[in-house]
Amino acid sequence: MGNLKRIRSGILGAMAGLVLLWNCVGETDFGIPEGICAKDMEANTTFAEVKALFAGETMQIQQDLTLEGYVISSDRSGNFYGTLHLQDHPTRPTEGIQLHLDLRDLHLFYPLGSKVYVRVKGLYLGKQQGVFKLGGTFDAFGHLSIGRLPALKIDEHLSIACEAPAQLSPKKITLAELREQMVNTLVQLDSIEVLEEEVGLVFALPREDTERRLKDCHEGEIVLLNSGFSDFQDHRLPEGNGSITGVLSKGNKAYRLVIRELGDIDFSKERCRKEPEEFTSPNIFISELADPYNHTGARFVELYHAGTEPIPLKGWMLHRYTNANTEVGSSIDLSDLVIGAKGTVVISPNAAEFEGVYGFPPDLSSSKNGPADSNGDDNLVLVDPFGSVIDAFGVIGEDGSGTNHEFEDGRAVRNPDISKGNPVYDFKEWTLYNDTGGAGTIKQPQNAPADFGPGRRD
């Protein structure tokens, strides 16, 4: 056994030296000598066909099959150990697979881009969390699992082609486009950055595989898996944004990326700009208030947006000051609504009765006695997420009965030429119908549905 180990060591050492020689001379006629490399070997199967042999449990392959693949991983920096990641084409891969080997310094024998042939007969095939693996085997509590192929068995199953390594080109892809079929292939993600709370941490804890998190500018995330034995373990995670290249993997039902070296990361651009979650606009205002004479269950408040882009109403509130009160009596949180461009939202205190009267459901149903359930003598205020009053109806502290802001048994509708809210009530912007209102109002009670237009800017 000692002689076999020395022979094996000598062959591998010679091969490593020849590969290094080839790397040094660059684009010349030098190559790996025949006898060490495979000159006339041909593949007779595909990655997909080998994977199709898997029947749900780790198994030993009995078919006499040969795969052709390209090396996309490197243990030069120590972030990979005992595995070769192979894909079926250097620039346009459709499948990839892991090959587990009990051998150090794999990058010396199988440089990046090397074409290799894998004789799969006798190897074990397994799948763990979406990742297909080839190699030896070991028994884990009565279940076969993929282990590293012993060093003395490697030559029986793996050969390097007698040609220069191919130029690899990672597949450029977004996080949203990742698919399980891409696992064990080389990918490049652009506009990626480390999560803010992890910027400045070391890549990995000493001697531990460590997960760090990356995100794109749309809050999509992926795990960056780093080895605690890598030579960049104690380097700090970069702050910027940019591109990252690595071998796609999977674990704990989430995609993971493994880089070959720090050169796979270029985060030299500015980080993603945080899009605001809350917006304000003077173009959102109260456009109609309803207290129908014939049906109190058909009351509503309508808001209108005169702008040209939809706006989410996260953080917006509608407050009601009941009668002459100077403190808010009730409120509606509008956060679940988005108001469209030149669009409305309608709020009702009774969704079922509203739909029964008007023939369609309101956009939001609030509680009885809330802002949408006013009997026509209350004051309402529309407030944006930052606490600013954008629009007001009525005079806070003044009961509306008998005034120019009464709409009891009637309707208050914003005049069609108004396109912005007004934090101070201006009677000239409104047309009011009521039973006993002040001068300038129309003392003509209104009946639903004929006299009202919820969801329609008159």
- Query: Pick one: which of E196, E197, E193, E198 meets salt bridge (charged side-chain N to carboxylate O under 4.0 Å, His left out) with K215?
  - Reply: E193

- Item | Non-neighbouring partners of N415 that pass side chain to side chain contact (heavy atoms under 4.5 Å, CB included), sequence neighbours left out | D417, I418, T431

Contacts under 3.5 angstrom, residues 374-381 side chains, donor-acceptor by atom type, not counting sequence neighbours:
unit_1	atom_1	unit_2	atom_2	d
S374	OG	G376	N	3.1
S374	OG	D378	OD2	2.8
D377	OD2	S401	OG	3.4
D378	OD1	N323	N	2.7
D378	OD2	R320	NE	3.1
D378	OD2	R320	NH2	2.8
N379	OD1	V395	N	3.1
N379	OD1	H405	ND1	3.3
N379	ND2	N323	O	3.4
N379	ND2	V395	O	2.9
N379	ND2	E398	O	3.2

- Answer yes or no: is there a donor N or O on one side and an acceptor on the other, between the side chain of H305 and the main chain of G307, under 3.5 Å? yes

- Might you work through the side-chain hydrogen bond (donor to acceptor under 3.5 Å, both in side chains) test for D333 and S335, ending with a clear yes or no? CA-CA 6 Å; D333 186 349; S335 293; 2.7 Å; yes

- Task: I would like to know whether N226 and T210 meet side-chain hydrogen bond (donor to acceptor under 3.5 Å, both in side chains); could you show each step before the answer?
- Result: CA-CA 5 Å; N226 306 303; T210 305; over 6 Å; no

- Among N434, D291, L432, whose side-chain contact (heavy atoms from CB on, under 4.5 Å) with E406 holds? N434

- Task: Kindly indicate, with the supporting measurements, whether the criterion side-chain hydrogen bond (donor to acceptor under 3.5 Å, both in side chains) is fulfilled by E95 and Q181.
- Result: CA-CA 6 Å; E95 302 275 352; Q181 189 179 5; 3.0 Å; yes

- Item | Side-chain donor/acceptor of E49 to backbone N/O of T46, under 3.5 Å | yes

- Query: Where do H319 and S331 land on the side-chain hydrogen bond (donor to acceptor under 3.5 Å, both in side chains) test, with the steps shown first?
  - Reply: CA-CA 4 Å; H319 299 309; S331 300; 2.6 Å; yes

- Task: Give a yes or no answer on whether the side chain of R92 reaches the backbone of K171 with a donor-acceptor pair at less than 3.5 Å.
- Result: no

- Item | More than 12 heavy atoms of other groups within 6.0 Å of K443 NZ | yes

- Task: Without swapping roles, check the side chain of N422 against the backbone of Y425 for a donor-acceptor pair under 3.5 Å.
- Result: no

- Query: Rounded to the nearest 0.5 Å, how far does CD of E353 lie from CZ of F300?
  - Reply: 14.5 Å

- Heavy-atom neighbours of D139 CG exceed 12 at 6.0 Å: yes

- Task: Tell me whether the guanidinium CZ or amine NZ of K115 lies under 6.0 angstrom from the six-membered ring centre of Y70 and within 45° of its axis.
- Result: no

- Item | Check against salt bridge (Lys or Arg N to Asp or Glu O under 4.0 Å), E177 and K172 | CA-CA 10 Å; E177 295 171 325; K172 294 185 178 182; over 6 Å; no

- Item | Pairwise side-chain contact, T185 with H89, heavy-atom cut-off 4.5 Å (strictly under) | no

- Query: So, E288 and R411, do they make that salt bridge, N to O below 4.0 Å?
  - Reply: yes

- For the side chain of N79 and the backbone of I259, is there at least one donor-acceptor N/O pair under 3.5 Å apart? yes

Donor-acceptor list for residues 129-136 side chains, cut-off 3.5 Å, not counting sequence neighbours:
unit_1	atom_1	unit_2	atom_2	d
Q129	OE1	N252	N	2.3
K133	NZ	Q128	OE1	3.0

- Note on the structure: Taken in chain and number order and not counting sequence neighbours, the residues that satisfy salt bridge (charged side-chain N to carboxylate O under 4.0 Å, His left out) with D266 are none

- Message: Using a 3.5 Å distance criterion without hydrogens, assess whether the side chain of Y321 forms a donor-acceptor pair with backbone atoms of G394.
- Response: no

- Should E302 and V345 count as side-chain neighbours, where that means a heavy-atom distance under 4.5 Å? no

- So do P449 and V357 actually touch side chain to side chain, heavy atoms under 4.5 Å? yes

- Within 6.0 angstrom of F80 CZ, more than 12 heavy atoms from elsewhere: yes

- Task: Rounded to the nearest 0.5 Å, what's the gap from NE2 on H295 to CG on N350? Could you check?
- Result: 8.5 Å

- Task: Give, for atom CG of L86 and atom OH of Y110, the distance between the pair rounded to the nearest 0.5 Å.
- Result: 10.5 Å

- Item | Stepwise side-chain contact (heavy atoms from CB on, under 4.5 Å) check, V194 with F267 | CA-CA 9 Å; V194 177; F267 284 0; 4.0 Å; yes

- Please round to the nearest 0.5 Å and tell me the distance separating atom OG of S287 and atom CZ of R457. 6.0 Å

- Message: Keeping S73 on the side-chain end and H85 on the backbone end, is there a donor-acceptor pair under 3.5 Å?
- Response: yes

- I would like to know whether F393 and W430 meet ring pair (Phe, Tyr, Trp, His ring centres under 6.0 Å); could you show each step before the answer? CA-CA 9 Å; F393 175 84; W430 296 84; 4.9 Å; yes

- Message: Would you say that more than 12 heavy atoms from the other residues, nucleotides or ligands in this model lie under 6.0 Å from the NE2 of H235, or not?
- Response: yes

- Y304 and F285: CA distance, side-chain angles, deciding distance, ring pair (Phe, Tyr, Trp, His ring centres under 6.0 Å) verdict: CA-CA 6 Å; Y304 181 74; F285 54 88; 5.7 Å; yes

- Item | Heavy-atom check, side chain of I286 versus side chain of L303, under 4.5 Å | yes

- Task: Assess whether salt bridge (Lys or Arg N to Asp or Glu O under 4.0 Å) is satisfied between R76 and E261, documenting all intermediate values.
- Result: CA-CA 8 Å; R76 181 189 296 271; E261 58 184 8; 5.4 Å; no

- Item | Check: S74 side chain, H107 main-chain N or O, donor-acceptor pair, under 3.5 Å | no

- Query: Is the backbone N or O of T322 less than 3.5 Å from a side-chain atom of N325, with the two atoms forming a donor-acceptor pair by type?
  - Reply: yes

- Any T174 side-chain heavy atom under 4.5 Å of D216 side chain: no

- Message: Between N241 and S191, is there a side-chain heavy-atom distance shorter than 4.5 Å?
- Response: yes

- Item | Beyond-backbone contact of F203 with S230, side-chain heavy atoms, under 4.5 angstrom | no

- How far apart are the C-alpha atoms of T58 and I146, what are their side-chain angles, what is the distance that settles it, and do they pass the side-chain contact (heavy atoms from CB on, under 4.5 Å) test? CA-CA 7 Å; T58 299; I146 298 299; 3.8 Å; yes

- Item | 4.5 Å side-chain heavy-atom contact, S227 and Q233 | no

- Those residues that, when tested against D75, pass salt bridge (charged side-chain N to carboxylate O under 4.0 Å, His left out) (two or more places apart): none

- Message: Tell me whether R260 contacts the main-chain N or O of T245 through its side chain, where contact means a donor paired with an acceptor under 3.5 Å.
- Response: no

- Name all residues meeting the side chain to side chain contact (heavy atoms under 4.5 Å, CB included) criterion together with V223; count only those two or more places apart in sequence or in a different chain, and write none if there are none. E211, R256

- For atom NZ of K269, is the number of surrounding heavy atoms from other residues, nucleotides or ligands below 6.0 Å larger than 12? no

